[in-house]
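Bear in mind that the values here come from a model prediction, so they are computed numbers and not experimental data.
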Amino acid sequence: MTPDEVIKRLEAPLSLRRRVGYVTVALAGLLGSGIVGVLWATEPGLPPRTKVAFGVLVAIGLAWTVFGAWAVTRRAPLFARDRVVAGWLGVAAWLLFTAGALVVTTLRHRVEPGLLVVVLVLGGVALLRLRAVRRGRAALLRRKEQLSGGS
């Protein structure tokens with residue numbers, strides 16, 4: 001593949017497969033938020049910790065909905081920016097989940113060891129994934145720069 005072909009391929013907009021994937025992410029986030037929101041609205045006597053948990057779940061679902069809509073509406077090439085944004089969203093969702101879990105465990109006055117393990121594993125996965133996609137984007141941009149400079 002010649003440098004011009006690589007540049008042309010890198011500057012292409014999202015493929016149909018990726019667009020369908022992001023629409024699916026957006027709809028899944030919206031559906032999840034909607035179901036939790038309806039449950040939250042129709043259950044009158046929920047304890048505060050459950051309300052906090054539902055709020056966190058709704059916020060996470062809506063964030064994925066906004067991300068999916070953002071990615072699908074981009075006309076310019078993303079150069080893996082979508083993956084970096086998704087990585088940051090994963091870290092933010094983990095932080096929201098962790099904050100919600102802390103509130104719930106604080107209200108219960110005890111920390112469950114299983115919850116601690118889940119929080120740490122999710123955080124580790126989110127942070128490792130973010131690191132990997134940021135490195136991948138940086139390598140892609142360096143390669144684009146090399147190819148642009150050489151042609």
Side-chain angles (χ1 to χ4, degrees), residues 1-43 46 49-105 112 114-151:
M1 192 177 276
T2 69
D4 288 336
E5 290 171 337
V6 173
I7 291 288
K8 187 176 178 181
R9 188 167 174 208
L10 288 175
E11 292 179 346
L14 288 176
S15 67
L16 177 62
R17 184 172 144 235
R18 273 226 187 266
R19 285 188 185 280
V20 168
Y22 286 131
V23 166
T24 303
V25 164
L27 291 176
L30 187 61
L31 180 65
S33 291
I35 289 171
V36 172
V38 166
L39 182 60
W40 189 5
T42 58
E43 293 294 326
L46 294 173
R49 66 178 177 263
T50 305
K51 291 178 182 180
V52 168
F54 281 3
V56 167
L57 291 173
V58 167
I60 290 170
L62 290 176
W64 283 109
T65 300
V66 169
F67 167 72
W70 170 82
V72 168
T73 58
R74 298 300 101 197
R75 296 287 178 215
L78 295 175
F79 295 108
R81 182 182 299 133
D82 52 332
R83 294 176 189 175
V84 173
V85 171
W88 278 112
L89 186 54
V91 170
W94 168 65
L95 288 172
L96 260 175
F97 172 78
T98 301
L102 281 172
V103 168
V104 169
T105 56
E112 299 288 334
L115 177 64
L116 187 59
V117 170
V118 168
V119 166
L120 291 175
V121 168
L122 288 175
V125 168
L127 290 169
L128 286 173
R129 184 68 189 140
L130 176 61
R131 181 177 177 216
V133 297
R134 289 184 70 199
R135 284 183 170 187
R137 176 170 162 72
L140 185 62
L141 291 174
R142 277 192 307 274
R143 181 69 175 146
K144 178 186 178 262
E145 186 62 35
Q146 289 171 350
L147 293 172
S148 295
S151 54

Give the table of side-chain donor-acceptor pairs shorter than 3.5 Å for residues 118-140, with sequence neighbours excluded, one pair per line with atom names and distance.
from	atom 1	to	atom 2	distance (Å)
Arg137	NH1	Leu78	O	3.1
Arg137	NH1	Phe79	O	2.6

Spacing of CG belonging to Leu89 relative to CG belonging to Asp82, to within rounding of 0.5 Å: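 That separation rounds to 12.0 Å.
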Sequence neighbours excluded and cut-off under 3.5 Å, please list the side-chain donor-acceptor pairs for residues 25-43, or say none.
from	atom 1	to	atom 2	distance (Å)
Ser33	OG	Gly29	O	3.1
Ser33	OG	Val58	O	3.0
Ser33	OG	Leu62	N	3.0
Thr42	OG1	Val38	O	2.8
Thr42	OG1	Leu39	O	3.3

Partner residues of Thr24 under the side-chain contact (heavy atoms from CB on, under 4.5 Å) criterion, sequence neighbours left out: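 So Thr24 forms a side-chain contact (heavy atoms from CB on, under 4.5 Å) with Val20.
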Pairs involving residues 63-72, ordered by first then second residue, that meet side-chain hydrogen bond (donor to acceptor under 3.5 Å, both in side chains) (sequence neighbours left out):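 Listed once each, the pairs would be none.
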Summary of side-chain hydrogen bond (donor to acceptor under 3.5 Å, both in side chains) pairs that have at least one residue in residues 88-99, sequence neighbours excluded: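 Residue pairs with at least one partner in residues 88-99: Trp94-Thr98.
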Under the ring-ring contact (aromatic ring centres under 6.0 Å, His included) test, residues paired with Tyr22 that sit two or more places apart: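 For Tyr22 the ring-ring contact (aromatic ring centres under 6.0 Å, His included) partners, ignoring immediate neighbours, are Phe67.
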